[in-house]
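Report on the structure given below.
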Amino acid sequence: MSELRVRFAPSPTGYLHVGGARTALFNWLLARKQGGTFILRIEDTDVERSTRESVDAILQGMEWLGLDWDEGPFYQSDCFPLYKEYVQKLLDSGKAYKCYCSQEELEARRELAMKEGRKPKYDGTCRERADQPEGAPHVVRFRAPQSGSTSFDDLIKGTITFPNEELDDLIIQRSDGTPTYNFCVVIDDAIMKITTVIRGDDHVNNTPRQVQLYEALGFPVPRFAHVPMILGSDKTRLSKRHGATSVIAYRDMGFLPEALINYLVRLGWSHGDDEIFSREEMVAKFDIANVGRSASVFNPEKLLWLNAHYIKTGDALRLAKIVQPLLAERSVTVADTDPQLVSAVKTLQERARTMVEMADAALFYFKAPEAYDQSALAKFDNTHLQAVFQAVSVKLAASAAATAAEYDLLFKEICSENGWKMPQVGQPVRIALSGGTQAPGIGEIVMTLGKDETIRRIQRALVVVAGE
RNA sequence: GUCCCCUUCGUCUAGCCCGGCCCAGGACACCGCCCUUUCACGGCGGCGACACCGGUUCAAAUCCGGUAGGGGACGCCA
């Protein structure tokens, strides 16, 4: 039994998007589950469009998601001499030939074919050409079989068969001497001894040509698993106009990597009715056989729900480290291990769906309100407010309470001593402390703020109210 | 146009391979009720789907055929 070797092979022409991330995840999961090897390979044969920035962005995205690779990253651009060797081999054995048709000619023929309702494939003009004009610009084409059919067993979609007439002689080397994608993947996957190719389903049409190439080159054909696409809400291929598609953009919007991973793994794959998966559970339960055959729509609402779940159940110290820089952007300076910050995080874990929401909601803990929600304040008459603030100040100053529960008890006492109902006290105090009406429980706020700061804010509110 | 693939609630999906347990289960969203000092969390309930047509069968979401719809590919991009 041979050991599993899989790879993720993005082309560095943009950031890591959610579709690519899911493909990488499925590869990673299978490798981890079976104790195989996960390889990262950068497909940068298109020198024009490949950039260093994209490579960095992809690496950064993988790292953030915790998808670590065992070998690589390998760059196809480092292997050009190797590809050339194989092109020559094919040329020597007559399995490839030089084609002198110009791009303009090809373009024109393609358009004509389309217009006449024919398949716009290469017409084979140079296939049997005898003369080899010295120094004339040319590409190298693979001499593909023209009859019969080519098929492969897809681990997800089952057996797929293509009639060979549908496949034309694809270009394996450009006129500038660089190799093309379909040729390089085959060489690389063969040389890296990839046993299972897991990739997006937009590649199924390429697969029969690649199978022919493997055979022509004398390489064993790997197994294939084509995972369905991720679509936008209008059921077309997911793109920028559907909103964010970059993995890093989700990080910046305050999503936790485990939430995105959990969301992605459930998109197209399932394990009964399970929804929440830890990394370990995913690895243990993942099976390519349970990947669905149809495309799925990316649903940001569900991602948000998952994110809320992971914030709710996450470790407060770790979350504090994540909000801290967000707070800094909002000009709040606090150490990420500051007990007050950790306490603030704890009071917000059940209320924030993203870390950005948490940062915004935490602001009031570190900045006393500059203004109060007037319409909320207007629900109470001025003398009542003054009486409440007065009573709270006095009671607090004399109290030894320190926990949220003890503070809650203290507010209950204030209520019973003055014949007030809880909302009559809680709401004004909440406004005095946070400026608004939407905040954690009073006891939690007071505990997080500390007794002294609480009294200061109450006093200030008293002055403002009394001055009106 | 040609080829390839796909089709269960609005969305993600279970069930389909090995027909009956499915007048189809779970989750997100939505609606309602409860909990409650605000906002949330949570609990309970509701709404809501087998694309269509035909066949096989005592019985079909499940098997077979066709139709329609959707997606993808058709590049000296990957």
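Just so it is clear: chains get the letters A, B, ... in the order the sequence lines come, proteins before strands, and each one is counted from 1. This structure is a prediction, so every number in the text was calculated from the model and none was measured.
- In the interface, the side chain of R430(A) is paired with the base of U37(B) through a donor and an acceptor atom under 3.5 Å apart.
- Using a 4.0 Å heavy-atom cutoff across all strands shown, G268(A) reaches sugar-phosphate atoms only and no base atom.
- S233(A) comes within 4.0 angstrom of no nucleic acid atom, judged by non-hydrogen atoms across all strands.
- With hydrogens and angles ignored, a donor-acceptor pair closer than 3.5 Å exists between the side chain of D273(A) and the base of G25(B).
- In the interface, the side chain of E350(A) is not paired with the base of G42(B) through any donor and acceptor atom under 3.5 Å apart.
- The pairing partner recorded for A14(B) is none, the criterion being a Watson-Crick or G-U wobble arrangement whose two distances lie under 3.5 angstrom.
- Counting non-hydrogen atoms under 4.0 angstrom, I442(A) reaches a base of the nucleic acid.
- Taking the C1' atom of each, G26(B) and C18(B) are spaced 23 Å apart, rounded to whole Å.
- When only modelled atom types and interatomic distance are considered, S434(A) and Y365(A) share no side-chain donor-acceptor pair under 3.5 Å.
- If you check every strand for non-hydrogen atoms under 4.0 Å, S270(A) touches sugar and phosphate atoms only.
- The side-chain tip of R141(A) points at the ring of Y122(A) from less than 6.0 angstrom away and within 45° of straight on.
- Using P as the reference atom, C50(B) and C34(B) are 34 Å apart when rounded to the nearest Å.
- Among C76(B), C28(B), A78(B), the nucleotide with an atom closest to any side-chain atom of H203(A) is A78(B).
- Taking atom P on both G32(B) and A40(B), the two are 13 Å apart, rounded to the nearest angstrom.
- Residue K302(A) places none of its side-chain N or O atoms closer than 4.0 Å to OP1 or OP2 of U13(B).
- Looking at heavy-atom distances under 4.0 Å, R237(A) makes contact with sugar-phosphate atoms alone, never a base.
- The separation of C47(B) from G55(B), taken at their C1' atoms, amounts to 35 Å, rounded to a whole angstrom.
- RNA chain B is contacted by both Q438(A) and N205(A); Q438(A) maps to the nucleotide lying nearer its 5′ end (nearest heavy atom per residue).
- Using a 4.0 Å heavy-atom cutoff across all strands shown, T45(A) reaches sugar-phosphate atoms only and no base atom.
- Contact annotation: side chain of R293(A) to base of C6(B), donor-acceptor pair absent below 3.5 Å.
- Annotation: Y310(A) is not in aromatic contact with F255(A) [ring centroid separation under 6.0 Å not met].
- Closest to the side chain of R351(A), out of C5(B), C39(B), C76(B), is C39(B).
- In the interface, the side chain of D274(A) is not paired with the base of A27(B) through any donor and acceptor atom under 3.5 Å apart.
- The base of C76(B) is paired with the side chain of S175(A) by a donor and an acceptor separated by under 3.5 Å.
- Taking the side chain of V297(A) as heavy atoms from C-beta on, and the options G71(B), U37(B), U11(B), the nearest nucleotide is U11(B).
- Using a 4.0 Å heavy-atom cutoff across all strands shown, H226(A) reaches no nucleic acid atom at all.
- Pairing of G75(B), defined by two Watson-Crick or G-U wobble distances under 3.5 Å, is not identified with any nucleotide.
- Using P as the reference atom, G19(B) and C63(B) are 9 Å apart when rounded to the nearest Å.
- If you check every strand for non-hydrogen atoms under 4.0 Å, S296(A) touches sugar and phosphate atoms only.
- Within the 4.0 angstrom heavy-atom criterion, base atoms lie near D408(A).
- Heavy atoms of T178(A) sit nowhere under 4.0 angstrom from any nucleic acid atom.
- Counting non-hydrogen atoms under 4.0 angstrom, P120(A) reaches a base of the nucleic acid.
- With hydrogens and angles ignored, no donor-acceptor pair closer than 3.5 Å exists between the side chain of D201(A) and the base of G72(B).
- Comment: E444(A) engages R351(A) in a salt bridge, judged by a side-chain N to carboxylate O separation of less than 4.0 angstrom.
- At the heavy-atom level, E166(A) lies under 4.0 Å from the strands shown only through sugar-phosphate atoms.
- P10(A) comes within contact range of no nucleotide atom at all, as no heavy-atom separation falls under 4.0 Å.
- The C1' atoms of G43(B) and U7(B) are separated by 37 Å, rounded to the nearest whole Å.
- Note on K312(A): only backbone sugar-phosphate atoms sit closer than 4.0 angstrom, heavy atoms only; bases stay farther off.
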